[in-house]
Amino acid sequence: MRDANPQTIYLKDYSVPEYLIHEVDLNFDLGEEHTVVVARLTLQRNPQSQSPNQELTLMGEDLNLLGVELDGTALHAQQYVQTDTSLTIHQAPQDGIFVLKIENSINPKANTAFEGLYQSSTMLCTQCEAEGFRKITYFLDRPDVMSRFKTTLVADKDKYPVLLSNGNKVEQGELAGNRHWVSWEDPFAKPCYLFALVAGQLECIEDRFVTMSGREISLQIYVEAHDVDKCDHAMQSLKNAMRWDEEVYGREYDLDLYMIVAVGHFNMGAMENKGLNIFNTKFVLARPDTATDSDYEHIEGVIGHEYFHNWSGNRVTCRDWFQLSLKEGFTVFRDQQFSGDRASKAVKRIEDVNMLRARQFAEDAGPLAHPIRPEAYIEINNFYTLTVYEKGAEVVRMLHTLLGGEGFRKGCDLYFQRHDGQAVTCDDFVSAMEDANGRDLTQFRRWYSQAGTPQLNVEQHYDAESGQLELTLRQHCPDTPGQTDKPPLHIPVKIGLLNSRGQVELIKLDGRPPVEETVLELTEAEQSFALSGLAEQPTVSWLRGFSAPVIVKMQRSLEELAFLLSYDSDTFNRWEASQQLAGQVIADLIADIQQGRELTLNPVIVEAYTKLLEQQWDDLSYFSLLLALPDESYLASQMDVIDVDAIHQAREFVKKSLAERLQAHFLRLYRENHREESGQFDAGAIGRRRIKNTCLHYLSTLETGDSQSLSLRQFEGAANMTDQMASLSAIVNSRHPAKQACLEQFYRQWQDEDLVIDKWFALQASSHWPGTFAKVQQLLQHSAFDMKNPNRVRSLVGAFSQANPVHFHARDGSGYHFLADQVIALDKLNPQVASRMVTALTQWRRYDDERQQLMKAVLQRIIDTEAISTDVFETASKSLA
Ligand code: B3K
Ligand code: ZN
């Protein structure tokens, strides 16, 4: 391991900083291989610190120290001590303000980990969250140290004509030798993780936004010249997000300038640096012919997410990294609400829950399970997880459900008012919700400290004589690493009732006025609720809108599911019924495959689908979700021992059988909705494309001449990327004579568009067609593959290991060895991304013995690799533990 003794950091050890940094004055003399940083820090001993320590220890990594001055006097070597990770000043002043000047140099080009200052194509940019600022200069790199930053950038005028940092541009000038400089000042105190700088040859797209109080904000998106035609959607999304946050949360933007820069090399999606967001190009650039409808939606979602951070994250930030969900869970909830309001609420909720259940539930049930507020970590970058983000958002959503929209808004207002300019905790957030609403949320707080997905058993007992329905709920949270015997949680369970004709039956509970739906607040391990005045036994629609991140354990017959699929007025539960119905049909077929029985399709699903296909639908995106079979990953989560091959075979069998039986319907729907149109990003056009492409995928399983020419015609005539990708995917995942030719044609057409070529890699890497593994190995040697580019790595190695269960889990272990080889190679360049790739192996306990052994062996091989990073070490060793 690179660090022989990786240190674990504990939440319980938190103490306030010993020093505060009020002002930071930074000067960068920029060069790709040699950048000199001069930092003038105005410090003071923190009056709140009880520590007797008289030394000042700053964090710093990979820095070349050139000199230190204290209040204008150079310190000599005995007055400070340097280690690989720190700089300690002996006898730092204990009273009053003092100024420390530190000069150091760094090499951005050698920085392939993309943390700190690094090079992406011809530009220089930064990524500081969580702990990247210490790779720029020595600092108190912790979020509860908040400072006002002034930054001056000096660089060659031709190489770096654009020089950006946080806040407002205050001055600029020319220097000898074709150099220039620009100074920036950010009036808001911030933690250093929100610092950013960008230098490069960039084009700027400009617009403006007038805030609710009438202030005019300049909006700027910076991209490389060849991408200026792909920024309109991002700009519109930004304006939509700004308006939405005013209307829904009453939050206004605070600086006069909002900048977004798109960079091609980025470890994640985007970063909310104050006034200067830095984005992965994937979440900015879109043109109808280069980006799919989903890309358009994701761009709007991520632009919104980073914008919303300006309040939930920047104005009010985290006290320490254990509180990460304070800003991330809340901001994900906000971006989910935003996207739901912009398009279809029903579709957005289903997509979010689908992802949560397929991926976060697996994380919560595996060796890496942790609460949304973790208690210990080795490498904080490993804790930007589905749990902190997605489950964190569900926890905030439950507060919204329990307090109601208005109560939740009151809580948010109080939170922002009380803590503006502070670094606070998850507890502070819940306290604001309590105080604004006069509610006691003591028990609710357990959601922050308890890991694992709770299971809910529900039972109902109807008494015809009294007309009473008794609902009994039992909750249980399984053991997770380090946590057993968990006390009950406060769970909001939203329900509705349907009578035998499928109509709404009113709920009468505890003498309250009858309502169409209600939230049962489950707080005990077991609790009953009595509903009265029911002339017949109703059907209960449980956990409407997925009101809590739990697993409901109950048996429903296929007939009951078909009934709910036809009549449930809750759009989420109606979809849920479709998933459970198809899931049960597939589960029976899996058992047939495992026992060598012949496969026949249960007619219940054909009937249910026929009914759906015969109805008229307004929201075609929602309709296409009702027709989509559950993902293989979701089906896997339902099995005790995951049988990837049987899951795949059973699901394909259902898909093909449905296509055979319902061919005429699918073809009609396809024809009704197919247009050779350039992409129009509105709900109607997106819905048409979704339903049409869903039909195309069913039809392509038939592998008839007709179905093959249908996909080929769509591929050749496609004037938007959604249609082009959908048809190419149908072709690649079937026995199509034009497969190779289409792949080559696509590559030739798009070879200059990196994001489209990423799709080309990902589509081939996730294909279930035989021969995919050999193809993936070939693609690794392709001239367009680049291990140094995280998007490319994710599109090949990530797609193969995380979105291709049949081939990744090949019985001979070839997929596992392949992944281990790539992780080990990538770790030398980019530990953060390498560590993410390891998570494909984390669920090893869920597979059969043979696969378990193979997966364990490669995890061990990764751990035993010389000089493996602490990032990868933590993920791999905790996976094995
Ligand atoms: N806050 C960043 C994530 C930083 C990840 C550091 N490893 C993006 C976001 O969640 O908005
Ligand atoms: Zn975020």
Side-chain angles (χ1 to χ4, degrees), residues 61 111 113-116 118 125-136 141-143 166 190-196 237-238 241 245 258 260-263 265-280 282-284 298-318 320-339 352 372 374 377-393 396 423 426 429 790 794 830-837 839 869-872 874-875:
E61 277 171 39
N111 181 357
F114 305 153
E115 240 193 344
Y118 66 93
C125 63
T126 53
Q127 172 54 37
C128 293
E129 186 178 1
E131 299 180 333
F133 194 74
R134 66 186 65 183
K135 295 186 169 178
I136 294 175
D141 187 357
R142 44 185 290 168
N166 317 84
K190 64 169 176 286
C192 65
Y193 83 84
L194 290 173
F195 169 82
S237 301
L238 176 59
D245 211 16
Y258 194 91
I260 291 176
V261 183
V263 306
H265 295 74
F266 207 62
N267 284 351
M268 63 261 169
M271 178 64 212
E272 70 265 26
N273 317 300
K274 183 81 189 186
L276 177 57
N277 287 184
I278 298 182
F279 270 63
N280 189 324
K282 184 176 161 66
F283 294 108
V284 176
H298 290 143
I299 288 170
E300 186 163 43
V302 179
I303 296 252
H305 180 97
E306 306 311 330
Y307 175 73
F308 303 143
H309 266 316
N310 190 52
W311 276 96
S312 48
N314 301 2
R315 287 289 285 259
V316 182
T317 195
C318 301
D320 54 73
W321 292 121
F322 297 102
Q323 317 295 331
L324 185 58
S325 203
L326 171 76
K327 74 176 178 82
E328 295 305 346
F330 186 19
T331 305
V332 171
F333 174 67
R334 276 150 59 69
D335 85 50
Q336 291 177 349
Q337 284 182 301
F338 168 60
S339 297
D352 292 337
I372 64 167
Y377 60 77
I378 296 177
E379 171 52 61
I380 184 56
N381 283 323
N382 283 331
F383 281 81
Y384 285 74
T385 58
L386 291 153
T387 298
V388 167
Y389 274 64
E390 312 302 326
K391 186 176 179 181
V396 175
C426 297
F429 182 74
R794 283 184 282 256
N830 191 328
Q832 217 181 101
V833 177
S835 177
R836 290 274 148 156
M837 295 291 141
T839 55
S869 67
T870 48
D871 306 57
V872 168
E874 179 175 35
T875 305

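This is a predicted model, so every value here is computed, not measured. Remember, it's 1-based here, ligands and their atoms both numbered in the order they're listed. What's counted below: heavy atoms across the whole structure, side chains too, no hydrogens, waters or symmetry copies.
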* Taking all non-hydrogen atoms of both residues into account, name the closest pair between Asn267 and Asn830 and its distance. => OD1-ND2, 2.8 Å
* **His309: its N/O/S atom lying closest to the Zn ion (ligand 2) (atom name)** => NE2
* Return the residue, atom name and 0.1 Å-rounded distance of the protein heavy atom closest to atom 1 (N) of ligand 1. => Glu129 OE1, 2.5 Å
* For atom 8 (C) of ligand 1, which protein heavy atom lies nearest, and how many Å away is it? -> Ala270 O, 2.9 Å
* Structure fact -> Note: ligand 1 atoms sitting under 4.0 Å from heavy atoms of Asn381 are 6 (C), 7 (N)
* Taking the side chain as C-beta and beyond, is there a heavy-atom pair between Lys190 and Thr317 under 4.5 Å? -> no
* Asked: Do Asn273 and Asn166 have a side chain donor and acceptor closer than 3.5 Å?
  -> no
* Structure fact -> Per residue Glu328, nearest N, O or S atom to the Zn ion (ligand 2) is named OE1
* Could you check if a side-chain atom of Lys135 sits within less than 4.5 angstrom of a side-chain atom of Tyr118, using non-hydrogen atoms only? => no
* Do we see a donor-acceptor contact under 3.5 Å between the side chains of Asn382 and Glu874? -> yes
* Asked: Which ligand 1 atoms does Glu272 reach within 4.0 Å, using its non-hydrogen atoms?
  -> 1 (N), 2 (C), 8 (C), 9 (C), 11 (O)
* Asked: Which residue and non-hydrogen atom of the protein lie closest to atom 3 (C) of ligand 1, and at what distance in Å?
  -> Tyr389 OH, 3.5 Å
* Structure fact -> One finds that the ligand 1 atoms under 4.0 Å from a non-hydrogen atom of His309 are 9 (C), 10 (O), 11 (O)
* To do: Before signing off on this row, confirm whether Tyr384 and ligand 1 have an N or O atom pair separated by under 3.5 Å.
  => no
* To do: Taking the six-membered ring of Phe338 (Phe, Tyr or Trp), confirm whether the NZ or CZ of Arg334 is under 6.0 Å from its centre and within 45° of its axis.
  => no
* Ignoring angles and geometry beyond distance, decide whether His305 reaches within less than 3.5 Å of ligand 1 through its nitrogen or oxygen atoms. => yes
* Tyr389 side chain near Tyr384 side chain, heavy-atom distance below 4.5 Å -> yes
* To do: Please tell me if the side chains of Trp321 and Tyr377 come closer than 4.5 Å, counting only heavy atoms from C-beta onward.
  => yes
* Structure fact -> For Met271, the ligand 1 atoms with a heavy-atom partner under 4.0 Å come out as 1 (N), 2 (C)
* Asked: Does ligand 1 have an atom under 4.0 Å from some heavy atom of Lys327?
  -> yes
